[in-house]
Amino acid sequence: MIYLDWAASAPPEPEALEAFREAATAHFANPSSPHGAGRKAAEALEGARARIAALLGGGGQVVFTSGATESNTSFLLTQLSRQRKADVRGRAVRIVTSGIEHASVHEQARLLEGMGLAAAVVPPGPDGRLDPARVAEALDEDTALVSVMLVNNETGAVQPLREIVQAVRDFSARTGRRILVHTDAAQGFCKVPFTPAGLGVDAVSLSAHKIGGPRGVGALWLAEGAAPGFLAAGGGQEGGRRPGTENLPGILGMTAAAEKRHAGMAAERERAAALSSALIEGLSRIPEARLFPEARRAGTQAGAYSPFIVSFGFPPLPGEVVVRMADARGIMIATGSACSSRKKSRSRVLESMGIRADVALSALRVSTGPASRLQDIESLLAFLAEEVLPVRGLSTKGTR
Ligand code: PMP
C-alpha cells in the first residue's frame with residue numbers, strides 16, 4: 001500500500017501509542033477526583049497542557065477538545081454571547097471568514113448566520129492565498145471575529161496570517177473596535193513553523209491525528225484575555241470552556257506526537273519539499289495535468305505553500321474516478337478534503353479561487369508524511385501515465 005493521504009489522517013507515531021497506553025493504564029482515574037489517583041491524572045493533564053503551550057512558544061491557555069472541528073465550532077460559537085449585547089443596539093455581530101476555510105469554520109459561520117449573526121466571506125486570489133487588503137475591506141464596525149486558516153487542506157496554500165492580523169489591528173486602532181483573530185492551524189501545526197504570538201492571533205485550533213497522534217483529540221489555544229463566553233456548561237473542566245471528563249490518553253498521545261513532530265519539523269519539511277518538487281516536476285511533463293493553483297508550477301515564493309500537500313487534476317476526468325482507480329492499485333490519495341468528500345460536493349475551495357466548476361471537479365490531493373518516500377511519488381506518476389491518461393483520453397473523445 002502506498003499511503004499519500006496524510007492530510008486526512010496520519011498513521012500513529014509509536015511514541016503516541018505508547019503515551020496513550022501508559023495514560024490509559026497509569027492515569028485511568030478522573031483528573032477531577034481529589035484522591036491520589038485523580039491527582040496523578042490531573043498532574044499528567046496539566047503537564048501535557050504546559051508541553052503543548054511550550055511547543056506554541058509559551059503563554060496563553062491550552063484547552064483540550066475533541067479535535068480541530070470542535071475547536072473551530074466552539075470558538076465561533078462564542079460570538080453568540082457577544083451578539084446578546086449587540087442585540088441591545090439592534091445590530092448583528094459580524095464574523096469574517098474566507099472562501100477557503102474548512103467546513104467546520106465555513107458551515108459554522110453559515111449556522112451562526114441563520115441565528116442572526118452577519119457573516120462575510122473573503123475570496124482568495126487565483127493562487128489560493130488571501131490578500132490582507134481584501135480582508136481589511138471586509139471589516140466594519142460590527143465585526144467581532146476574523147477566522148482565517150493557516151494552511152489550506154486542499155491546496156497547501158499558507159496564508160499571510162501575520163499581515164492579515166496587522167490589517168485587523170490597524171483597523172482596530174483606527175476605529176477602537178475590538179476584533180478577535182482566530183486561525184485553524186490543523187494543517188499547520190508541526191508542519192509550518194509558527195507561534196500564535198508571532199502571528200499575533202487570539203485563538204488557534206489544533207488537531208492530533210494530522211500529526212500522528214490519536215484521532216478525536218485536539219486543542220484550542222487562547223491568548224491571555226481572549227476567552228469570550230463559551231457556550232457549553234457542565235463540570236467546569238478545561239477552565240469551564242470545554243466541560244466533560246478529559247480524554248487523558250488522547251491528550252498524552254497528542255502531546256507525545258506533537259513533541260516528536262515539532263522536533264523533526266525542519267528535516268521533515270525539507271524531505272517533503274523534495275517529494276512535492278518531484279511530483280510537480282513529474283506533472284509538468286504531462287501536458288494534460290493541471291496544477292491547483294497553477295502558480296505553484298513556477299516555483300513560488302518560499303513558504304507560500306505547505307510542502308506536505310499538492311493538488312492537481314486531469315480535467316475533465318473527475319477526481320473521484322482517479323481516486324478509485326488509484327485505490328485499485330493500492331495507492332491512497334484524496335480528491336480534496338476527506339471531511340466533505342462524503343457530501344459529494346464540488347470543491348468550494350478551488351471554485352473560490354476562480355477555477356471553473358468542471359475543472360475543480362477533477363481535483364486530486366496528494367499529501368505526504370514522515371514515512372513517504374520518493375519511490376511512492378514515482379509509483380504514483382507511473383500510475384497516472386499508464387492508467388489515468390488513457391482513461392482521460394477516452395473521456396475527452398468526441399468533445400474536441
Ligand atoms: N481544519 C482543517 C484545515 C482540516 O484539514 C481538518 C481535518 N480535515 C479539520 C479542521 C478537522 O479536524 P478534526 O478531524 O481534528 O476535527
Side-chain angles (χ1 to χ4, degrees), residues 3-13 16 20 52 62-77 97-111 124 128-130 147-159 161 182-192 194 199 201 203-221 242 244 247 250-251 253-255 257-258 261 305-311 323 332-343 345 347-350 352-353 363 365-369:
Y3 189 74
L4 293 169
D5 198 14
W6 291 66
S9 205
E13 291 288 352
F20 186 100
I52 294 289
V62 172
V63 175
F64 288 110
T65 65
S66 65
T69 295
E70 187 190 347
S71 300
N72 288 341
T73 56
S74 70
F75 192 72
L76 260 66
L77 262 181
T97 65
S98 83
I100 58 169
E101 296 306 310
H102 185 260
S104 54
V105 166
H106 182 82
E107 298 297 334
Q108 185 74 347
R110 299 284 77 71
L111 186 136
R129 303 182 79 218
L130 292 160
S147 181
V148 170
M149 71 198 329
L150 184 58
V151 176
N152 180 262
N153 50 301
E154 292 187 38
T155 64
V158 180
Q159 302 306 314
L161 244 297
H182 163 254
T183 189
D184 170 0
Q187 299 290 352
F189 186 45
C190 301
K191 296 182 179 180
V192 169
F194 79 95
L199 296 176
V201 293
V204 181
S205 296
L206 309 175
S207 175
H209 71 107
K210 311 290 185 186
I211 54 167
R215 65 196 60 188
V217 59
L220 176 65
W221 178 92
R242 204 282 186 169
N247 172 9
I251 289 167
M254 171 181 183
T255 306
R261 290 291 197 88
Y305 296 92
S306 164
F308 298 97
I309 297 177
V310 176
S311 177
V323 167
M332 320 285 144
I333 55 175
T335 50
S337 165
C339 317
S340 48
S341 70
R342 227 172 293 137
K343 290 185 184 166
S345 58
S347 172
R348 165 176 53 77
V349 170
L350 296 186
S352 80
M353 289 158 58
R365 179 187 69 183
V366 165
S367 52
T368 60

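All residue numbers in this chain count up from 1 along the given sequence. Predicted model only: the values in this text are computed from it and were never measured. Every number for a ligand or one of its atoms is a count from 1 in the order of the listing.
Atoms of ligand 1 found under 4.0 Å from any heavy atom of His209 (numbered from 1 in listed order, with element): 13 (P), 14 (O), 15 (O). Each of the atoms 3 (C) of ligand 1 lies under 4.0 Å from some heavy atom of Met149. Every atom of ligand 1 is numbered from 1 in the order shown, and the set under 4.0 Å from a heavy atom of Thr69 is 11 (C), 12 (O), 13 (P), 16 (O).
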| request: Kindly indicate, with the supporting measurements, whether the criterion side-chain contact (heavy atoms from CB on, under 4.5 Å) is fulfilled by Glu101 and Val148. | output: CA-CA 7 Å; Glu101 296 306 310; Val148 170; 4.1 Å; yes
| message | Evaluate Ser9 against His209 for side-chain contact (heavy atoms from CB on, under 4.5 Å), listing each step before the verdict. | response | CA-CA 6 Å; Ser9 205; His209 71 107; 2.7 Å; yes
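The shortest N or O to N or O distance between Ser104 and ligand 1 is not below 3.5 Å. Note: no N/O pair closer than 3.5 Å links Gly67 and ligand 1 by distance alone.
In Ala186, the part holding a heavy atom less than 4.0 Å from any atom of ligand 1 is the side chain. Residue-level proximity to ligand 1 for Asp184 is carried by the side chain, the only part with a heavy atom below 4.0 angstrom.
Judged purely by distance below 3.5 Å, without hydrogens or angles, the side chains of Ser205 and His182 pair a donor atom with an acceptor atom.
Here the shortest heavy-atom pairing between Ala208 and Pro214 reads CB-O, 3.3 Å. Counting all heavy atoms, side chain and backbone alike, Trp6 lies closest to Lys191 at O-NZ, 4.4 Å. Minimum heavy-atom separation, Gln187 to Ile309: OE1-CD1, 4.2 Å.
For the residues Lys210, Glu70, Glu154, the heavy atom positioned nearest atom 8 (N) of ligand 1 is part of Lys210.
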